[in-house]
Amino acid sequence: MAIDETQAVPFLTDHAALGAFLECCDPDDLCCVDTEADSLYSFKEKVCLIQFASGEHLALIDPLTISDMSPLLDFLDAAPEVWMHGADYDMSILNRTYARVPDRVYDTQIAARLAGWRTFGLAHLISESFGVELSKQSQKKNWGERPLPEKMLEYAANDVRYILPLAQIFKDKLNELGRWDWFLQSCDAARVQVMARKEKSREESWRIPGWGKLQPRTLGYLRATWSWRDEIAERRDKPPFKILANDQLLKMSVSLAQGEEVRLPPRFRTPQRRRFEELIGEAKALPD
């Protein structure tokens with residue numbers, strides 16, 4: 001059974017409230033976690049909301065106002081099982097932000113695959129298992145805005161409300177199929193992969209999808225145009241793709257390598273155009 005939908009979900013915005021909530025939770029209960037970030041709205045993605053459920057307790061936690069998240073992270077490390085859905089993303093952003101990932105992370109998406117499901121989205125699994133249709137309209141909203149509208153808070157709560165009962169369904173099914181150990185190995189391997197993953201350095205980040213097919217001269221122009229876009233995105237605190245898309249950078253780089261003139265869209269101001277010409281000039285001067 002899912003956590004009661006009529007139960008008021010607290011929105012925890014300070015350290016004292018987080019501590020008081022965790023004291024109400026049984027450390028022996030299974031728990032689950034989800035995160036919301038602002039990757040579509042800022043230059044550097046950050047965690048904007050953490051949804052957490054333990055047993056029958058559910059809360060929304062504001063990491064933008066709670067600087068010390070160690071009480072929650074300590075609780076997760078001690079929990080017998082921490083369930084997530086599509087855990088790779090959540091583990092990655094927790095590791096990048098707090099340099100910590102719970103010791104035992106179990107993924108309902110992996111469980112669904114091993115249990116024989118063909119569609120793995122959380123909304124689909126909840127619909128099939130509980131007959132509840134969840135709205136996904138808030139999925140791409142700006143989670144960094146405050147105050148968060150009630151509709152977004154409801155969406156966030158529903159993302160963890162059903163995970164623990166869903167986990168129980170999959171635990172029963174995987175044990176019935178004799179695949180529970182396989183599931184544990186898959187989850188362990190996914191966690192190890194996340195922990196071993198290194199963030200790209202700035203020198204590596206310009207290698208966007210498609211760079212491997214380019215000639216060396218074209219790569220020089222790609223690095224220059226990427227650096228120009230990145231400078232603007234960081235200054236404006238916007239995702240780089242909202243400045244220029246990757247495929248546009250690739251096309252511009254190919255054109256420049258072929259000696260063709262490249263014109264920037266009219267929206268760019270004169271200083272930005274000058275900086276563009278400066279970086280292109282540096283790329284052009286590079287030896288073969």
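- The shortest side-chain heavy-atom distance between I110 and C187 falls under the 4.5 Å cut-off.
- A distance-only check finds a donor-acceptor pair linking the side chain of D237 to the backbone of F43 [under 3.5 Å].
- By the 4.5 Å heavy-atom criterion applied to side chains, S186 and L114 are counted as neighbours.
- Seen from the ring of F120, R113 counts as a face-on cation partner, given the 6.0 Å and 45° thresholds.
- Nearest heavy-atom pair across L166 and F130 is N-CZ, 3.8 Å.
- Side chain of T218 to backbone of L214: no donor-acceptor contact under 3.5 angstrom is found.
- With R267 contributing its side chain and I243 its backbone, the two residues share a donor-acceptor pair below 3.5 Å.
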>> Under the criterion ring-ring contact (aromatic ring centres under 6.0 Å, His included), I'd like the reasoning laid out for Y106 against F170: C-alpha separation, chi angles, the key distance, then a yes or no.
In response: CA-CA 11 Å; Y106 297 166; F170 288 136; over 10 Å; no
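- The minimum heavy-atom distance between E45 and S39, with the atom names listed, is OE2-CB, 3.3 Å.
- Of all non-hydrogen atoms in P63 and C48, the two that sit nearest each other are CD-O, 3.4 Å.
- In terms of heavy-atom proximity, V262 sits nearest to S255 at CG2-CB, 3.9 Å.
- Panel note: side chain R100, backbone N95; no donor-acceptor pair is recorded below 3.5 Å.
- Inter-residue side-chain proximity for W117 and L125 is flagged as met; some heavy-atom pair is nearer than 4.5 Å.
- Taking each heavy atom of S138 and M152 in turn, the nearest pair found is OG-CG, 3.6 Å.
- Looking at Q51, its side chain never comes within 3.5 Å of a backbone N or O of L60 through a donor-acceptor pair.
- Side-chain N or O atoms of D38 include none that pairs as donor or acceptor with a backbone N or O of W143 at under 3.5 Å.
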>> Test salt bridge (charged side-chain N to carboxylate O under 4.0 Å, His left out) on R274 and E277; report intermediate values, then the result.
In response: CA-CA 5 Å; R274 288 175 181 162; E277 294 298 332; over 6 Å; no
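- With values rounded to the nearest 0.5 angstrom, L244 atom CG is found 7.5 Å from I232 atom CD1.
- A donor-acceptor pair under 3.5 Å is formed between the side chain of R217 and the backbone N or O of A283.
- Residues R146 and D62 are paired through a salt bridge, judged by an N-O separation under 4.0 Å between the basic side chain and the carboxylate.
- Using modelled atom types and a 3.5 Å distance limit, the side chains of D29 and S54 yield no donor-acceptor pair.
- At a threshold of 4.0 Å, the pair K151-E154 does not count as salt-bridged, since none of the basic side-chain nitrogens sits closer than that to a carboxylate oxygen.
- Remark: E81 engages K171 in a salt bridge, criterion side-chain N to carboxylate O under 4.0 Å.
- Between the side chain of T225 and the backbone N or O of Y221 there is at least one donor-acceptor pair closer than 3.5 Å.
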> Step by step, would you call I93 with K46 a side-chain contact (heavy atoms from CB on, under 4.5 Å)?
Replying inline: CA-CA 8 Å; I93 199 166; K46 60 183 176 294; over 6 Å; no
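- You'll find the ring centres of F268 and F276 outside the 6.0 Å limit.
- Using modelled atom types and a 3.5 Å distance limit, the side chains of Q272 and E231 yield no donor-acceptor pair.
- Between the side chains of D172 and Q168, a donor-acceptor pair is found at a separation under 3.5 Å.
- Every residue was checked against the salt bridge (Lys or Arg N to Asp or Glu O under 4.0 Å) condition with R179, not counting sequence neighbours, and none meets it.
- A distance below 6.0 Å separates the ring centres of W83 and F183.
- Judged by the 6.0 Å and 45° rule, R223 forms no cation-pi pair with W226.
- Both the sub-6.0 Å distance and the 45° axial angle are not jointly satisfied by K140 relative to the ring of Y41.
- Closest heavy-atom contact between S253 and L249: OG-O, 2.7 Å.
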> Given D77 and R104, is the salt bridge (charged side-chain N to carboxylate O under 4.0 Å, His left out) satisfied, shown in steps?
Replying inline: CA-CA 7 Å; D77 278 342; R104 289 164 295 279; over 6 Å; no
